[in-house]
Every structure is written in C-alpha cells, then in structure tokens.
Engineer: 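Before we start, here is the structure in question, set down as structure tokens.
Heads up: numbering here begins at 1 and tracks the sequence. Basis for what follows: all heavy atoms, side chains included, without hydrogens, waters or symmetry-related copies. Nothing here was measured: the structure is a model prediction, and the numbers come from that model. One-based numbering, in listed order, for ligands and for the atoms of each.
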Amino acid sequence: MAGFFERLKAGLAKTRERLLRAIPWGADPEAVLEELEVALLAADVGLSATEELLQEVRASGRRDLKEAVKEKLVQMLEPDERRATLRKLGFNPTRPRPVEPQGHVVLVVGVNGVGKTTTLAKLGRYYQALGKKVLLCAGDTFRAAGSAQLAEWGKRLGLPVIQGAEGADPAALAFDAAQARRARGYDLLLVDTAGRLHTKQGLMEELKKVKRAIAKADPGEPGEVWLVLDAVTGQNGLEQAKRFHEALGLTGVIVTKLDGTAKGGVLVPIVRTLKVPIRFIGVGEGPDDLQPFDPEAFVEALLEA
Ligand SMILES: Nc1nc2c(ncn2[C@@H]2O[C@H](COP(=O)(O)OP(=O)(O)OP(=O)(O)O)[C@@H](O)[C@H]2O)c(=O)[nH]1
Ligand SMILES: [Mg+2]
C-alpha cells in the first residue's frame, strides 16, 4: 500500500484545486465562509449539506475554520458514530484499514459504463493480495465483450472466471457460480452484472433475480451488494442510486473516476441520501487506483497542502 495517500491526492487533484486553492483560509472568517459556500456547491457537496455545514461552523464560533470544516465533512462522510470512533483510534492516513466483506459473495451493480467490470477485477486483485481465494463471475452476459473483458482480467490476475455464453441467463450463471464457490472452497465470489438492457425496469428485475438465485444456491448470500457510481455524473446519479437501493438493498457504494472530475464532493450527498457506506473509491485507471475509502484521508487529501 505504499504511496496510498499520494495517489489519493493526485487522484483528487481537480476537486482539491476547487476546494483548497479557491478558499482564502487566512482571511476574515465571513469572507472564508462565503468562498467556502461557493466552492462546496461547485464541488457537488449539495445544497442541504453545504447549508448545514456552514450553519454549524458559524454557530460553533470556532476560529480554526479549516479544522472545523474538516471535522464536519468527515462526520458527514461517515455518519455511523461507532465505526467512526473505532477507526479514529487506529487512524493512519497512509495506510487505510482493509475492507472486510460480510459473507462470501459480493454482487456488483450499476448502470452501463460506470466502471463495474474493471472495478470487479481490481477488487479481485485487492482481496487476492489480502490472502483470500477469489473467484470471479462474468455475469454480464448481455454483451459478449463484457464477458471477454473480465476473462482477460482473470488471466492477467491469475483468477478463475465463471463465464456463460452470450445471452445466457445471468441468474442461472450466478447460481452456478455461487454453488461452485462453495464446492471448490473459495473465500470470495465477485459477481459482475450488465449495466444495459433494453429497458431500465428490465435491468432492476433481472438484478433482483440474480440476487435471489445466489441466495438459493447459498443461503444468506450475497453478503454484500455494492453499487458502482461514476463521480463524473455527480449528483445526477443520485436518483438512479435510490432506485438500485430500493430494488436490491445496497450494503455499500463504490465511487469511480474521481480523478476525472472536480465534483468529488458528491460523496457527501451520496452518503446522506442512501445512508449506505462508501467502501472504495476509484482515483485512476491503474490497477492500484481503487482504494479503500477512508473519510479522514479523503478530507485530508482535499484540504491539506
Ligand atoms: N479515470 C478513471 N477511469 C476509470 C475508473 N474506473 C473505471 N474507469 C474506466 O471506465 C471505463 C469503463 O469501465 P468498465 O469497467 O468497462 O465499465 P462497466 O460499468 O463494466 O461498463 P458496462 O459493462 O458497459 O456497463 C474503462 O475505460 C475504465 O478503465 C477510475 O477510477 N478512473
Ligand atoms: Mg462491464
């Protein structure tokens, strides 16, 4: 994990520019707060979160504005007090804690092009490095290329991939993969899914079916359902995220392509809207650019020189 924090900073350069450089931290407090408001809105932190933050910081009367803002942002990014406290005890910005999934099957969902397949491969590499025996399932049977793309990654990483024919029923494939995981004694099965179907309604119904098939093959699974969101779409992705949550009961979110946008503040409205933790963030296309999400490190990378 060498260079974790440097990569995070580099990956957040565009949002960082917006927040760190635009704000005259040393100036008169009211002037700082005015500039801060504009910068937070521009970074897609959202209206309600921005107003709440400014109001609390003003009301606190604190003179160390930057510290006050950092604390509030961290709290907004990790509303679970208990987890936040636990993490604080062992906080080290250069070495985040590993993300331990519940159960043995992770279902990865999201609309087309957000980065599901590459993220799945990176997750495979991440858990492989943590010593887990990982199996991949190329559940995007809608496009032959989707399956081939994951198979290629599997070869590169030395991870087995369960594949079906183009047009195969993704629920049947996921069922087979979940059974194979148990039979062959793998620790973790990562299931990719299609992002595109003929209709959006069709996609949700199909994903529900995939989830049920996994539960049939392995009761209690999938332990995790992670939604991949593309940061470049910013707050526009929120409505869509809500629909996924209603249909599937998300347990985590992965935000990709933070390197490609100045709207990195969108993590705040994501957490506020869904009340689901962010597990990983994508800060580049390289294999190590998928990072475990650490709120303190994230805020530090945005606001510290
Ligand atoms: N810059 C950048 N690019 C990323 C990141 N994550 C994924 N990508 C790129 O996004 C593109 C789409 O990735 P895919 O993994 O194919 O997306 P998908 O969601 O599986 O797409 P469909 O299967 O078509 O729905 C690829 O070129 C990835 O390299 C990231 O964090 N930063
Ligand atoms: Mg894909």
Engineer: What is the closest protein heavy atom to atom 24 (O) of ligand 1, and at what distance does it sit?
Structural biologist: R143 NH2, 3.4 Å
Engineer: Among all residues two or more places apart in sequence or in another chain, which pass the side chain to side chain donor-acceptor pair (under 3.5 Å) test with E152?
Structural biologist: none
Engineer: Count the heavy atoms of every other residue, nucleotide or ligand shown that sit under 6.0 Å from NZ of K70, and state whether that count exceeds 12.
Structural biologist: yes
Engineer: State, yes or no, whether a side-chain contact exists between V253 and R279 at a heavy-atom distance under 4.5 Å.
Structural biologist: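 No; the side chains remain at least 4.5 Å from each other.
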Engineer: For atom 16 (O) of ligand 1, grab the closest protein heavy atom and report residue, atom and distance to one decimal in Å.
Structural biologist: Q149 NE2, 3.1 Å
Engineer: From atom 30 (C) of ligand 1, work out which of A231, G260, G286, G284 has a heavy atom at the shortest distance.
Structural biologist: G284
Engineer: Which residue and atom name correspond to the protein heavy atom nearest atom 6 (N) of ligand 1, and how close is it?
Structural biologist: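 Ranking protein heavy atoms by distance from atom 6 (N) of ligand 1, first comes T256 CB, 3.8 Å.
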Engineer: Under a 4.5 Å cut-off applied to non-hydrogen side-chain atoms, are R18 and L12 in contact?
Structural biologist: no
Engineer: Would you mind checking which non-hydrogen protein atom is closest to atom 7 (C) of ligand 1, with the distance to 0.1 Å?
Structural biologist: T118 OG1, 3.5 Å
Engineer: Is L107 close to V210 at the side-chain level, that is, under 4.5 Å between some pair of heavy atoms?
Structural biologist: yes
Engineer: Within the 4.5 Å heavy-atom criterion, are L190 and L135 side-chain neighbours or not?
Structural biologist: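 No. Closest side-chain heavy atoms not under 4.5 Å.
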Engineer: Does any part of the side chain of V191, heavy atoms only, come nearer than 4.5 Å to the side chain of V108, both counted from C-beta?
Structural biologist: no
Engineer: Answer with side chain, backbone, both or neither: which part of D140 has a heavy atom less than 4.0 angstrom from an atom of ligand 1?
Structural biologist: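 Contact part for D140 vs ligand 1: side chain (C-beta onward).
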Engineer: Which protein N, O or S atoms lie under 2.8 Å from the Mg ion (ligand 2)?
Structural biologist: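 Protein N, O or S atoms closer than 2.8 Å to the Mg ion (ligand 2): T117 OG1.
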Engineer: Quick one: which ligand 1 atoms are inside 4.0 Å of a heavy atom on V283?
Structural biologist: 31 (O)
Engineer: I'd like to know if G113 contacts ligand 1, where contact means a heavy-atom distance under 4.0 Å to any ligand atom.
Structural biologist: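 G113: in contact with ligand 1 (<4.0 Å).
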Engineer: Are any non-hydrogen side-chain atoms of Q128 and L159 less than 4.5 angstrom apart?
Structural biologist: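 With C-beta onward as the side chain, the pair touches.
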Engineer: Do other residues, nucleotides or ligands put more than 12 heavy atoms under 6.0 Å from K133 NZ?
Structural biologist: yes
Engineer: Quick one: are T118 and W153 in side-chain contact, heavy atoms under 4.5 Å?
Structural biologist: yes
Engineer: Checking a contact table here: which protein heavy atom is nearest atom 18 (P) of ligand 1, and how many Å away?
Structural biologist: K116 N, 3.3 Å
Engineer: Is the closest heavy atom of G110 to ligand 1 under 4.0 Å?
Structural biologist: no
Engineer: Tell me the protein heavy atom at minimum distance from atom 9 (C) of ligand 1, and give that distance in Å.
Structural biologist: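 Checking every protein heavy atom, the shortest distance to atom 9 (C) of ligand 1 gives E285 OE1, 3.8 Å.
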Engineer: Considering only NZ, NE, NH1 and NH2 on the basic side and carboxylate oxygens on the acidic side, decide whether E205 and K208 come within less than 4.0 Å.
Structural biologist: yes
Engineer: Under a 4.5 Å cut-off applied to non-hydrogen side-chain atoms, are L33 and E30 in contact?
Structural biologist: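 Yes, close enough: below the 4.5 Å cut-off.
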Engineer: Could you tell me the residue and atom name of the protein heavy atom closest to atom 11 (C) of ligand 1, and the distance to it rounded to 0.1 Å?
Structural biologist: K257 NZ, 4.1 Å
Engineer: Atoms of ligand 1 less than 4.0 Å from N112 heavy atoms?
Structural biologist: 25 (O)
Engineer: Numbering the atoms of ligand 1 from 1, which are under 4.0 Å from a heavy atom of G282?
Structural biologist: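 It comes down to these atoms of ligand 1: 31 (O).
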Engineer: Checking T117 against D192: is there a side-chain donor and acceptor pair closer than 3.5 Å?
Structural biologist: yes
Engineer: Starting from atom 32 (N) of ligand 1, what is the nearest protein heavy atom, named by residue and atom, and what distance separates them?
Structural biologist: D259 OD1, 2.8 Å
